[in-house]
Amino acid sequence: MPAIPETPLRIVVAGCGAMAGAWVEYALARPDCRIVGLVDLDLAAANRMAEKYQLTDAVVGRDLAAVLEATRASLVFNLAIPAAHRSIALTAFAAGCAVLGEKPLASTLDEADEMIRAARERNLPFSVMQNRRYLRPIRSFRTILGDGTIGTPGYLGADFFLGPHFGGFRDLMDSPLLLDMAIHTFDQARFLLGADGVSVSCQEFNPPGSWYRGAASAVALFEMSDGSLFSYRGSWCAIGCQTSWESDWRACGSRGTAMWDGRSMPWAETLPPGETPGSGGFFDNLVRVEAPDAWTGREGHEGCLDEMVDALLSGRPAETDGAANRNSLAMVMAAIESARTGTRVAIR
Ligand SMILES: NC(=O)c1ccc[n+]([C@@H]2O[C@H](COP(=O)([O-])OP(=O)(O)OC[C@H]3O[C@@H](n4cnc5c(N)ncnc54)[C@H](O)[C@@H]3O)[C@@H](O)[C@H]2O)c1
């Protein structure tokens, strides 16, 4: 069981860019959290954050280890670019701090393993933001996939087609879609099926008109540990007819099919109770089933932060604990390897 830090949590924010605002606002709204330090390689970004949120007492700097020492911090928010997640986490653990960080956990699986090992050796909590698990409709979708409504799921499919113009690090990454975005979708697939990836065949490509340097589109087929197949088709340079950020989902089971467009509540078409496949004739009789709406937690970043902070303060692993989240990153890394080697890759 990880050690439970004292409250108020003394938080240093490492990486004061676009995403950090949501985390800072979350911490400022909690009486058991204090932001004691702001770190960024770009000192102006850290100073802007201090000014915006009137964090006049926070220590601002570029050197994380020095700021951790000066502030006697107990928790680091790891919100820098993916390539910096490893060094920030290892510095934080060496200073005895817990780490809650942005996705992706790390840039490589070896880095992720090093971070997970370092947290474990020091018995420190370490979990990762997967905000797309914390939405009312995905909780409902998971319920109808798991409660027998559609029977045993054998196929799950996600379509993700958007065309955002970010600028910045994503435009320069080798695999912006798979590493920076598909981590969400693959993590959602693990969450929905309650299963991990076993193997994958993937092709990555950069279609005509793409404004990314790396491959902004991919098609991947995963074999999952429950025997089902998970099919992913995605693009981050799709112009027109776009899906939601949550993807457009279809799950087929032994008694029916469930649909979720990522925006509205999911629903299913299933065999009526008592009927078996074929008992209705050439095409089966079907009934429409609305997904239950039972999620009462907060959504998005707040929902995942509620879970991570509650886990931290109760000494239990969060749903998005680093060691578990590694399995989502492993799906990403195997998909990238499959695309580069042109082979089907077993997932470590
Ligand atoms: N969960 C989500 O929905 C979501 C959405 C957007 C971004 N993100 C993630 O959040 C993270 C940050 O993304 P962003 O959009 O805020 O990027 P950004 O480029 O706006 O900000 C990153 C900041 O980190 C700083 N930085 C880089 N290396 C550093 C280091 N070694 N130490 C300290 N600071 C360093 C940069 O100077 C910059 O200010 C990424 O991992 C990204 O994938 C998550």
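Model, not experiment: these values are computed from the prediction. Numbering of ligands and ligand atoms starts at 1, following listing order. For reference, positions follow the sequence shown, starting with 1.
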F191 six-ring centre to R139 NZ/CZ under 6.0 Å and within 45° of normal: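 Judged by the rule, R139 and F191 form no cation-pi pair.
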Using heavy atoms and a cut-off under 4.0 Å, could you grab the residues that are in contact with ligand 1, chain by chain, numbers ascending? G15, G17, A18, M19, D40, L41, D42, L79, A80, I81, P82, A84, H85, I88, E102, K103, P104, M129, N131, F169, R170, D180, H184, H301
Enclosure of E290 CD (heavy-atom neighbours >12, cutoff 6.0 Å):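 Count over threshold, so yes.
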Other residues, nucleotides and ligands only: do more than 12 of their heavy atoms fall within 6.0 Å of CD on Q203?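 Not more than 12 within 6.0 Å, no.
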Scan the side chains in residues 328-341 for donor-acceptor partners under 3.5 Å anywhere in the protein, sequence neighbours excluded, and list what turns up.
from: S328; atom 1: OG; to: D187; atom 2: OD1; distance (Å): 2.6
from: S328; atom 1: OG; to: R190; atom 2: NH1; distance (Å): 2.6
from: S338; atom 1: OG; to: C202; atom 2: N; distance (Å): 2.8
from: S338; atom 1: OG; to: T343; atom 2: O; distance (Å): 2.7
from: R340; atom 1: NH2; to: S175; atom 2: OG; distance (Å): 2.7
from: T341; atom 1: OG1; to: E337; atom 2: O; distance (Å): 2.8
from: T341; atom 1: OG1; to: T343; atom 2: N; distance (Å): 3.4
from: T341; atom 1: OG1; to: T343; atom 2: OG1; distance (Å): 2.7

List in chain and number order the residues that pass side chain to side chain donor-acceptor pair (under 3.5 Å) with R10, two or more places apart in sequence or in another chain; answer none if no residue qualifies. none
Excluding sequence neighbours, so at least two apart, what forms side chain to side chain donor-acceptor pair (under 3.5 Å) with R30?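 Here the qualifying residues are Y26, D32.
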